[in-house]
Amino acid sequence: MRDTAEEIVALKKEKRAVVLAHYYVPDEVQSAADYVGDSYYLAKIAAETQAETIVFCGVHFMGESAKILNPSRRVLMPDLTADCAMAHMASEEQIGKMRAETEDLAVVCYINSTAKLKSLSDVCVTSSNAVKIVRALKEKNILFIPDQNLGSFVAEQVPEKNFYFSGGYCPVHAVVLAEDVLSAKRAHPSAEALTHPECVETVRRASDFIGSTAEIIAHAQKSGAREFIVCTEPGVLFELKRRCPDKKFYPVTPACLDMKRNTLAGVAKCLREGAGEVLMSEEEMNAARRSLERMLELAR
Ligand code: 13P
Ligand code: SF4
């Protein structure tokens, strides 16, 4: 009898489908994917693919962004309830008030956000392109939604602009404390601490390198260090160990349970039955597309 991984290989061919997976989903799902990467890489792949069906293994805003960027494709998700809590942490009222009160303002929206928030924003960013994009904007004032931690990281790199925040945060990264990093450093004195910018400022200050998941992986690969404290969701350890089999990794961040809702059985069900389709109205997609496309242009 065929196992689920073999069934997925056969179904992908039969349905002209491609499977995309974020570094945070379970190891076996990353293994079954055609493309594994960070949010920016996956958004670009989704926008460009010629495949008829995209199975997106991640959280809801990722499937939604794929559908908005490539609306003629069918986008399926192994579990439509896998949601990013931070995606909802800004409001239409906050944005409207800031726009009414502040001249020369750009609303910059982290891709970890609902389609509604994207439609109210001037440009989207991911953790790997936020600094470059914000620096390139002509506006002096920036309302950065919804992640205040990524926002404050960008503000440190772009001191010539004024920043305002909506006060959102990632509940997975925000629980890591500077003391967690410092005690891991005491236990592993030669380890470098690699940190996602969704972590709080004190954690970032205690770290040796700050970057997106893809940037953390690339840094670990080229660094001369042999050991690393990993301050991002531990799903990245699968790719870190694959690329750096002789190096050691010590995770300090808890798992994102929504990302773990992606299973091999769920991927097979998408492919077999067309289950988990991301459905959006034309109006909703058209409204959110401009800010996502502007991100792809400015990040190029
Ligand atoms: P990346 O931009 O590194 O993919 O991060 C996405 C994310 O959800 C981090 O929590
Ligand atoms: Fe959202 Fe945080 Fe999970 Fe990333 S790790 S998907 S930001 S809840």
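Counting from 1, the numbers follow the sequence of the chain as shown. Numbering of ligands and ligand atoms starts at 1, following listing order.
Residue contact check: E198 has heavy atoms under 4.0 Å from atoms 2 (Fe), 7 (S) of ligand 2.
Looking at D122 and V108, their side chains never come closer than 4.5 Å, going by heavy atoms from C-beta outward. With contacts defined as side-chain heavy-atom distances shorter than 4.5 Å, the pair R294/S291 does not qualify.
Ion pairing between a basic and an acidic side chain is recognised when a charged N comes within 4.0 Å of a carboxylate O; R205 and E201 show such pairing. Under a 4.0 Å N-O distance rule, the pair R290/E297 does not qualify as a salt bridge.
The side chain to side chain donor-acceptor pair (under 3.5 Å) with Q221 is formed by just one residue from the set R243, E239, K247; it is R243.
Contact residues for ligand 1 (protein heavy atom closer than 4.0 angstrom to any ligand atom): H22, Y24, D38, S39, Y110, N112, S127, H173, H196, E198, S212, T213.
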What pairs of donor and acceptor atoms, side-chain ones from residues 228-238 against any protein atom, are under 3.5 angstrom apart with sequence neighbours left out?
unit_1 : atom_1 : unit_2 : atom_2 : d
T232   : OG1    : Y24    : OH     : 2.7
T232   : OG1    : H173   : NE2    : 2.8
E233   : OE1    : G235   : N      : 2.6
E233   : OE1    : K260   : NZ     : 3.2
E233   : OE2    : C256   : N      : 2.7
E233   : OE2    : K260   : NZ     : 3.0

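A 6.0 Å sphere centred on OH of Y35 holds no more than 12 heavy atoms belonging to other residues, nucleotides or ligands. The environment of Y41 atom OH is dense: over 12 non-hydrogen atoms of other residues, nucleotides or ligands sit within 6.0 angstrom.
When atom types are taken as modelled, the side chain of T263 and the backbone of P78 share no donor-acceptor pair closer than 3.5 angstrom.
Of all protein atoms, those that are N, O or S and lie under 2.8 Å from atom 3 (Fe) of ligand 2 total 1.
In this structure K97 satisfies the side chain to side chain donor-acceptor pair (under 3.5 Å) test together with E101, sequence neighbours excluded.
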